[in-house]
Every structure is written in C-alpha cells, then in structure tokens.
Amino acid sequence: MADISISLPDGAARSYPAGITGAEIASDISKSLGKAAFACAIDGVFSDLSIPINKDAEFQIYTSKDEEQALELIRHDAAHIMARAVQELWPDVQVTIGPVIKNGWYYDFDRDEPFTEDDLKTIEKKMREIINKREPVRTEVWDRARAIKFYEDNNEPYKVELIDSIPGDEDLRMYWHGHWQDLCRGPHLAHTGQVPGDSFKLMSVAGAYWRGDSSRKMLQRIYGVAFRNKVDLKAHLHMLEEAEKRDHRRLGREMDLFHFQEEAPGMVFWHPNGWTLYRVLQDYMRRRQNADGYLEINTPMVVDRKLWEASGHWEKYRENMFTTEIDDEHANEKRTNALKPMNCPCHVQVYNQGLKSYRDLPYRLAEFGSCHRYEPSGSMHGLMRVRGFTQDDAHIFCTEAQIASETEKFIKLLTRVYQDLGFAEFEIKFSTRPEVRAGSDDVWDRAEAALEGAIKALGHPYTVDPGEGAFYGPKLDFKLTDAIGREWQLGTLQADFVVPERLGATYIGEDSHKHTPVMLHRATLGSFERFLGILIENYAGKFPLWLAPRQVVVAAIVSDADEWVLEVVSRLKARGIRAEADVRNEKINYKVREHSIGKVPVILAVGMREVEDQSVSMRRLGSKGSAVHGIDEIVELLVVEATPPDLRGQ
RNA sequence: GCUGCUGUAGCUCAGCGGUAGAGCACUCCAUUGGUAAUGGAGAGGUCGGGAGUUCGAUUCUCCCCAGCAGCACCA
C-alpha cells in the first residue's frame with residue numbers, strides 16, 4: 001500500500017502506510033500517548049481514533065488535557081454508557097436521543113414505569129461497571145436499509161423514525177460501546193474506561209416530549225453531569241449549591257421581600273422591604289425616562305373586549321387573557337371585559353386623542369402598566385414568570401425614518417440603566433422577518449436595516465435569530481442569565497407596522513395628508529417582577545446602598561446608648577436614609593449576625609464610647625472590621641453613597 | 001398544559017393506621033453584653049383541600065389545589 005504523509009501540529013511530518021488509524025499513529029509517537037489518546041482531528045475534522053486514514057492529512061491527537069474536546073467526548077460517551085446501563089437493567093426500555101449539553105448530557109427513554117431516585121443510583125452503579133470493563137468502542141458505517149431493519153427487529157421505533165429524518169446523502173454510523181450499539185454521529189472515545197468513573201453524576205429525571213413536540217409522547221429524560229476529574233465535578237456541585245443560595249425565591253423569604261400563596265398563583269404579595277426596593281427602582285426608571293423625553297401616562301386595567309377585538313388580541317391571544325363578566329344584576333350593561341395583557345392598545349387610544357402633526361413625532365408614551373396574562377401553570381417561576389406584573393412599557397410613535405435614531409437612543413438608555421443596576425454584560429438578539437408576516441418586503445428591509453444599523457452603530461455584539469420576529473415587525477431582545485444559568489428576556493424593542501393602522505393612529509405629514517405612524521414597543525426592565533428577580537440574584541441580595549431596602553441599622557450595645565441610637569436614626573432619616581434602630585435587649589453579636597443575614601449593608605453600633613463623643617462604629621456587610629466616625633461625617637458619607645446613580649454629579 | 005416529585009408550627013425538616021416532634025424564629029423572665037447565636041421558661045399545628053377504605057386516616061386509595069425539576073408555551 002502507498003505511503004501517506006501525516007503532518008502533526010508541531011510541523012513535523014511522518015510517513016505511514018495508507019489505512020493507518022489514529023490510534024496506531026498515537027502509539028507510534030509514544031506508548032503513553034497511545035494510551036492517553038481520546039480522539040483526533042483529521043484535516044481539522046473531529047474523528048475517532050479507529051478510523052483509517054487513506055491520504056495525506058493534517059493530524060492532531062486529543063487527550064484529556066484538551067478540555068473542550070475531552071469534555072465533549074466524556075459527556076457523549078457517558079450518554080451512551082448510561083443508555084447501555086438502562087437497557088441492561090431494563091431490556092424493554094426503548095432508547096431515543098442523548099445529546100451533550102452544558103456541563104453534561106441527557107438521554108431520553110421510553111419506559112412505562114417512571115424512573116425513581118433509587119433507579120438513578122442503580123444506573124450509576126451499572127455505568128461504573130461498564131466503565132471498569134474498559135470495553136473498546138468501535139464504529140461502522142451502515143446502509144439505511146440495514147439500519148432500519150436492525151432497529152425494527154429490535155423494537156426500537158424511535159430510532160427508525162430518526163433514521164427516516166436523516167438526509168439521504170448522509171452516512172449512517174453505528175457505534176458499539178462493548179456489545180451495546182447506538183446510531184450516532186460520533187466521534188467517541190477509544191474505550192469505555194476513558195470516562196472517569198468518579199467524575200460524573202446523574203442529576204435528575206424529568207419528562208420531555210419526543211422531538212420537542214407537545215402533541216407527541218412524553219418520554220423520560222435523565223440528566224447527568226460529567227467532568228474530566230473528581231475535583232471539577234465537586235467544584236460544579238459546589239457551584240450549584242452556591243447558586244441555590246442566591247436563588248431569588250430563597251432570598252425573597254430571607255430578606256422578607258415578597259411571598260406567593262395558593263389563592264393567587266403567579267401574583268406577587270410584596271412586603272414592605274420588597275416594595276421599597278420596587279419603588280426605588282421605579283422612581284429611578286421614571287427619572288431616566290423623563291430625561292429621555294418620555295411622557296408618562298396611566299391607562300385602564302379592565303377593558304371591554306371590543307378594544308381587544310380591534311387590536312387583534314382577542315383573536316390571537318384570547319386564551320392567555322383573564323376575562324371578567326358583569327353579573328346578572330347589571331345585565332343591562334352586560335359586557336365582557338379583559339384584564340389588559342399589554343398596554344399598546346390603550347396607548348394608541350391616548351395617542352389618538354386630538355390630531356397629531358409630524359412635528360409631534362417621535363411621540364413617546366410611557367406607562368408602568370399593570371398587566372395580567374394567564375400563563376400555563378407549569379411555566380411559572382418565582383418572580384421570573386408570573387401572571388400579574390408591571391412593565392416599564394413605552395410606545396414610540398414615529399415615522400419610518402425615525403426608527404433608526406429612536407432605536408439607537410433606546411439602546412443607549414437601556415445600556416445606561418443596566419450598567420447602573422450592575423449588569424455590565426447583556427445579550428442582544430435580533431429577530432428578523434418570519435414566514436407569515438404583515439407588510440411589504442420593502443418595509444421589512446428598511447425596518448430590519450434600521451434596527452441592525454443601530455446596534456452596529458453602538459458596537460454592541462448581537463446574534464441574529466432569523467424568522468423569529470413578530471408578524472408585525474422585527475425586534476430586538478435583551479437577555480440576562482439568572483443564578484441557576486437560565487436565560488430571561490428583559491428588555492425588548494419591537495417595530496410595529498400593523499397595530500397603529502388597525503387602531504386608526506394617524507398624523508398629519510408635511511404634505512398636509514394623513515399618514516400612519518410606525519410604533520416601537522419597548523421595555524427596558526421588561527417587567528419589574530422579573531427584573532427584580534434577576535437583580536436580587538445578581539447581587540445575591542447584597543444590594544448597593546442606593547437600592548438596599550434597609551440601608552442602615554443603628555444598634556445599641558448597651559441600653560444606656562438607646563437615646564443616642566434614636567438620635568442617630570432620626571438624623572439619618574432626616575436626610576432620606578432608610579435607617580432603623582435596634583434597641584432590643586440582645587447582645588451586639590446577636591444583632592450583627594441577624595442584620596448580616598438580613599443583608600443590611602451598614603450596621604452602626606453604638607456603645608457608651610460613641611455616646612461620649614457623638615460618634616458611631618460602622619460595620620459594612622461582608623467585612624469583619626469596623627471603624628468609628630463622627631456623626632456628621634457618617635451622615636454625609638452615607639447620603640452620598642445612597643444617592644441613586646442618575647442623581648450623582650458625574 | 002404534560003411527566004415525575006413534594007405539601008406536617010413563621011422557617012428548615014423528622015415522624016407515623018391509634019388525632020404529632022426537633023432546631024431556629026416568636027412571647028415572658030433573668031442578663032447591659034463591644035461587632036455573625038447569653039441563659040431559662042412558655043406559647044404555637046383541622047399534618048394543602050375534598051371524598052373513599054377502616055372501629056379509627058396526618059399516615060392507605062382516588063380527585064382537586066399549589067409548589068419544585070424538566071418539557072412545551074412565552075403572541
């Protein structure tokens with residue numbers, strides 16, 4: 001057989017007979033590399049070590065030191081090993097798909113009996129047995145008919161369906177982990193023992209629809225995490241524990257911010273502390289928006305269905321709306337109302353009062369609008385997804401030519417706001433025209449260009465989501481990630497060519513004729529509820545002073561200091577600081593601990609020494625030490641620090 | 001909405017076919033203590049709601065409600 005030339009990453013080239021495998025090359029380079037090799041890249045294509053190489057190629061070997069590739073392989077093989085373990089334990093279970101995901105993998109099974117927590121332990125044990133066997137992984141390309149027959153004979157209908165959906169020109173590849181076989185794109189490890197037996201864990205089991213389709217059967221999905229070593233696994237589990245500690249639902253209880261109860265699912269009961277936080281944020285937003293030329297309004301929460309019919313919501317959004325009927329006693333005014341799920345139709349009503357001139361545009365109407373949406377029961381999640389919420393909503397009525405500048409202006413506002421609130425980084429997603437849409441391609445071209453141009457002008461990175469725009473116009477979404485790694489959409493900007501027309505919004509142009517304005521729906525925080533959830537998690541409850549609902553606790557060390565404590569509190573309050581006195585009959589240790597847990601940023605301890613020289617001893621949340629300051633000095637210092645960022649002379 | 005799990009004191013949780021228990025929190029008493037829990041005593045529960053099985057149900061069964069994880073949904 002002819003020799004081929006294999007070039008290695010260090011520039012060296014070696015000559016081998018054609019048909020040599022990656023494994024053989026690795027062993028040839030060194031015995032230890034042969035053992036350590038996980039997989040390889042042939043001309044940059046991630047491949048199995050067992051695949052023969054028939055022509056000159058660039059060649060690279062991956063071992064567990066190559067983090068990205070190693071994790072991909074370990075998790076992928078772990079998925080197969082888990083599927084094998086499950087089928088060895090319960091031969092009737094049907095296998096479906098099992099991809100690698102962040103931190104691990106999942107595999108979906110069809111089994112009548114639910115998997116239990118104990119089953120997960122049993123499966124883990126079986127997986128370790130398979131790993132310890134160090135059985136070789138091998139692969140073959142099969143033709144379609146053979147693969148289909150194989151799976152039909154083995155009663156694996158899901159696999160047959162998968163094969164049917166793979167494009168006809170693609171090779172079908174089979175992998176064996178020992179005797180167990182699965183259809184897979186690969187590549188895989190060289191043998192099962194390369195998955196570290198002490199570095200994976202099965203985390204949970206949950207339902208998942210076959211092919212993500214809610215009209216199809218629900219399968220059982222087992223999630224696992226896997227790493228290159230035990231230390232990384234431990235670190236990951238530790239990280240999950242830490243994330244749980246900053247879960248806003250937990251902090252909400254610990255800091256006494258809000259609660260939920262059965263009688264009003266998905267509706268927040270804000271407590272004094274939580275509502276203080278909410279108001280501080282709202283006041284801040286109001287100032288920012290006023291400064292940016294928005295006009296604040298307020299519109300009805302309960303509105304006749306006629307308006308929703310006109311806006312199109314009744315047809316398209318009915319099942320997500322809370323409706324009310326007038327009772328029999330008032331039958332002569334019987335009508336159906338809906339709690340508003342959005343503010344836009346009401347805002348158009350305000351716009352429509354009186355004639356608007358092109359000189360009035362852009363016309364920016366803002367409302368802290370209280371909305372209700374009947375969200376599916378399973379989708380609710382603390383403050384992040386609720387049924388009753390308040391948006392920092394606004395609608396900008398403008399000409400098509402003004403879209404770009406208004407978009408840019410909005411992104412600047414949003415960036416400023418996010419920065420002030422501690423989010424240096426956020427994601428922008430740009431959604432373009434969907435298949436089914438209103439308006440001409442011409443208008444879409446211009447609108448998309450305006451939105452995309454604005455992001456580009458500001459130099460913020462973004463991703464494009466083709467076809468995900470609303471039927472009435474393209475949109476930008478602004479996203480942040482919560483403590484447990486879930487992504488949430490907060491801000492949004494959507495161009496709308498449809499609703500203004502449907503609801504009869506017009507302006508008189510320079511040509512003295514009527515025109516329909518474009519409407520930009522936009523929200524910065526999205527909903528206060530969701531944003532506060534994210535904010536709580538982002539700060540882990542340790543808010544900067546201006547946001548903290550309880551800013552200062554002045555605590556007496558001995559009761560003879562009570563009078564001075566009360567005096568200090570009233571001086572702070574006089575300057576707008578949210579201060580409280582703690583003159584309970586408790587030791588200072590006890591008070592410090594309690595207020596630290598309550599995440600109060602500043603504790604001022606006061607004993608007889610402080611009474612003598614009219615001072616306080618300040619302790620910051622999270623610090624061990626304390627420092628004594630004169631009363632006037634401390635008041636000035638705290639007043640400055642407690643000033644919201646937009647009111648600071650910068 | 002779907003699959004699975006959970007629901008016991010304000011919170012975290014134990015328990016069990018014979019009508020309940022711990023720690024913390026709470027109240028009272030003593031203690032005046034210098035930066036993450038002073039000691040003692042006391043009070044507190046229709047065991048998520050309803051129905052059934054049973055002599056007897058917080059415990060077993062069914063239905064409903066809510067929460068949790070994931071899926072689907074998020075115009």
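Chain letters run A, B, ... following the sequence lines, proteins first and then strands; every chain starts at 1.
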Okay, side chain of A/Glu124, backbone of A/Leu202: is any donor-acceptor separation there less than 3.5 Å?
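A pair under 3.5 Å: yes.
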Side-chain donor or acceptor of A/Gln494 paired with backbone N/O of A/Lys475 under 3.5 Å
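No; judged by distance alone, with no hydrogens or angles, the pair does not exist.
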Atom-to-atom span, [atom1] of [X] to [atom2] of [N] - whole angstrom:
X	N	atom1	atom2	result
A/Asn320	B/G1	CG	C1'	11 Å
A/Gln494	B/C74	CD	C1'	12 Å
A/Leu383	B/C68	CG	P	11 Å
A/Leu120	B/C5	CG	P	12 Å
A/Asp110	B/C71	CG	C1'	15 Å
A/Lys102	B/G70	NZ	P	13 Å
A/Met203	B/C71	CE	P	14 Å
A/Met380	B/C73	CE	C1'	13 Å

For residues [X] and [Y], establish whether the separation of their ring centroids is below 6.0 Å.
X	Y	answer
A/Phe368	A/Phe528	yes
A/His381	A/Trp488	yes
A/Phe269	A/His259	yes
A/Trp90	A/Phe115	yes

Taking [X] first and then [Y], would you say they form a salt bridge - that is, a charged N and a carboxylate O separated by under 4.0 Å?
X	Y	answer
A/Lys121	A/Glu117	no
A/Asp182	A/Lys159	yes
A/Glu367	A/Lys340	yes
A/Glu242	A/Arg246	no
A/Arg620	A/Glu641	yes
A/Arg584	A/Glu594	yes
A/Glu161	A/Arg216	yes

Distances for protein N or O near nucleotides 58-65 of chain B N or O, under 3.5 Å:
unit_1 : atom_1 : unit_2   : atom_2 : d
B/C65  : O2'    : A/Glu262 : OE1    : 3.2

Distance, [atom1] atom - from [M] to [N], rounded to whole angstrom:
N	M	atom1	result
B/U59	B/G23	P	26 Å
B/C26	B/A20	P	27 Å
B/A22	B/A9	P	14 Å
B/U53	B/C68	C1'	30 Å
B/G33	B/A66	C1'	45 Å
B/C2	B/G15	P	31 Å
B/G45	B/G21	P	13 Å
B/C55	B/U12	C1'	37 Å

To the nearest 0.5 Å, what is the distance between CG (A/Leu572) and CG (A/Leu604)?
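Here the rounded value is 6.5 Å.
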Distance in Å, A/Leu365 CG paired with A/Phe397 CZ, rounded so as to fall on 0.5 Å steps:
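Here the interatomic distance stands at 5.5 Å.
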So for A/Tyr374 and B/G1, does any side-chain atom that can act as donor or acceptor lie under 3.5 Å from a complementary atom in the base?
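Such a pair does not exist between side chain and base.
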Does a side-chain N or O from [X] land closer than 4.0 Å to OP1 or OP2 of [N], or not?
X	N	value
A/Ser377	B/G1	yes
A/Arg249	B/C68	yes
A/His381	B/A69	yes

In Watson-Crick or G-U wobble terms, both distances under 3.5 Å, what is the partner of [N]?
N	answer
B/G44	none
B/C24	B/G10
B/C5	B/G67
B/G39	B/C29
B/C55	B/G18
B/C73	none

Mind checking what makes side chain to side chain donor-acceptor pair (under 3.5 Å) contact with A/Tyr590, not counting sequence neighbours?
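Applying side chain to side chain donor-acceptor pair (under 3.5 Å) to A/Tyr590 gives none.
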Between A/Ser214 and A/Met218, which residue's closest nucleotide on RNA chain B lies nearer the 5′ terminus?
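Closer to the 5' end of RNA chain B: A/Met218.
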Mapping A/Gln220 and A/Gly212 onto RNA chain B by nearest heavy atom, which one lands closer to the 5' end?
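Of the two residues, A/Gln220 wins.
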Residues of residues 385-393 of chain A with any non-hydrogen atom less than 4.0 angstrom from an atom of RNA chain B: list those, numerically ordered, please.
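Within residues 385-393 of chain A, the residues near RNA chain B are A/Arg385.
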In residues 307-318 of chain A, which ones come under 4.0 Å of RNA chain B, going by heavy atoms?
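RNA chain B contact set from residues 307-318 of chain A: A/His313, A/Tyr317.
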Assign a letter to each nucleotide of nucleotides 32-40 of chain B from its 5' end: B, base within under 4.0 Å of a protein heavy atom; S, sugar-phosphate only; -, no contact.
BBBBBBB--
Would you classify [X] as touching base, sugar-phosphate or nothing, given that sugar-phosphate means primed atoms plus P, OP1 and OP2, and contacts are heavy atoms under 4.0 Å?
X	answer
A/Phe115	nothing
A/Arg253	sugar-phosphate
A/Pro114	sugar-phosphate

Qualifying salt bridge (Lys or Arg N to Asp or Glu O under 4.0 Å) pairs with a residue from residues 107-116 of chain A, counting only residues at least two apart or across chains
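Of all non-adjacent pairs touching residues 107-116 of chain A, those that pass salt bridge (Lys or Arg N to Asp or Glu O under 4.0 Å) are A/Asp108-A/Arg221, A/Asp110-A/Lys217, A/Arg111-A/Asp119.
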